[in-house]
*Asks:* 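The structure's right below; bear with me while I get my questions together.
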Amino acid sequence: YTYEYTGDERIKALAEKYGEKVVLELVALDKEIPEYVKELVAKEHPPLPIVLVNGELVPVGAVSVPKISEYIDIALMKH
């Protein structure tokens, strides 16, 4: 798995739960906003923080380990 410790224990918990099955990325927006995030916000107006699973917006609206886990589990079942 891809995981760089950012001080966020919730992301660390997800990385430990899924191991090599998923790639986790926490994108900090304090320096530069990636173009794909700008496009997503302009089109969808999602709640912050923005959570994507397999590139698809999921309506979590918070960094909630149980809720994000549900969406990851659904995505893993599809593959």
Side-chain angles (χ1 to χ4, degrees):
Y1 59 89
T2 301
Y3 171 73
E4 181 177 331
Y5 183 66
T6 59
D8 192 319
E9 293 298 322
R10 297 163 296 187
I11 300 300
K12 183 179 179 183
L14 288 168
E16 289 173 350
K17 178 176 180 177
Y18 292 101
E20 294 181 12
K21 293 179 186 176
V22 300
V23 175
L24 299 169
E25 180 181 6
L26 179 62
V27 178
L29 303 180
D30 55 347
K31 294 183 181 177
E32 183 179 337
I33 300 173
E35 194 59 39
Y36 72 93
V37 172
K38 289 179 188 178
E39 292 171 8
L40 180 66
V41 170
K43 181 180 176 187
E44 301 287 337
H45 308 289
L48 297 176
I50 298 168
V51 178
L52 303 174
V53 175
N54 280 346
E56 295 182 27
L57 180 67
V58 293
V60 177
V63 180
S64 164
V65 171
K67 200 67 176 162
I68 294 171
S69 290
E70 286 178 33
Y71 285 104
I72 292 172
D73 291 340
I74 290 168
L76 289 173
M77 285 189 287
K78 291 180 180 178
H79 290 88

*Asks:* Enumerate donor-acceptor pairs with a distance under 3.5 Å from any side-chain N or O in residues 38-50 to protein atoms, sequence neighbours excluded.
*Replies:*
| unit_1 | atom_1 | unit_2 | atom_2 | d |
| --- | --- | --- | --- | --- |
| His45 | ND1 | Val41 | O | 3.4 |
| His45 | NE2 | Ala42 | O | 3.4 |

*Asks:* By side chain to side chain contact (heavy atoms under 4.5 Å, CB included), which residues pair with Ile74, not counting sequence neighbours?
*Replies:*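 Here the qualifying residues are Met77, Lys78.
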*Asks:* Once side chain to side chain contact (heavy atoms under 4.5 Å, CB included) is applied, do any residues pair with Pro34, and if so which ones, sequence neighbours excluded?
*Replies:* Val27, Leu29, Tyr36, Val37
*Asks:* Using the test salt bridge (Lys or Arg N to Asp or Glu O under 4.0 Å), find all partners of Lys67 that sit at least two apart in sequence or belong to another chain.
*Replies:* Glu70
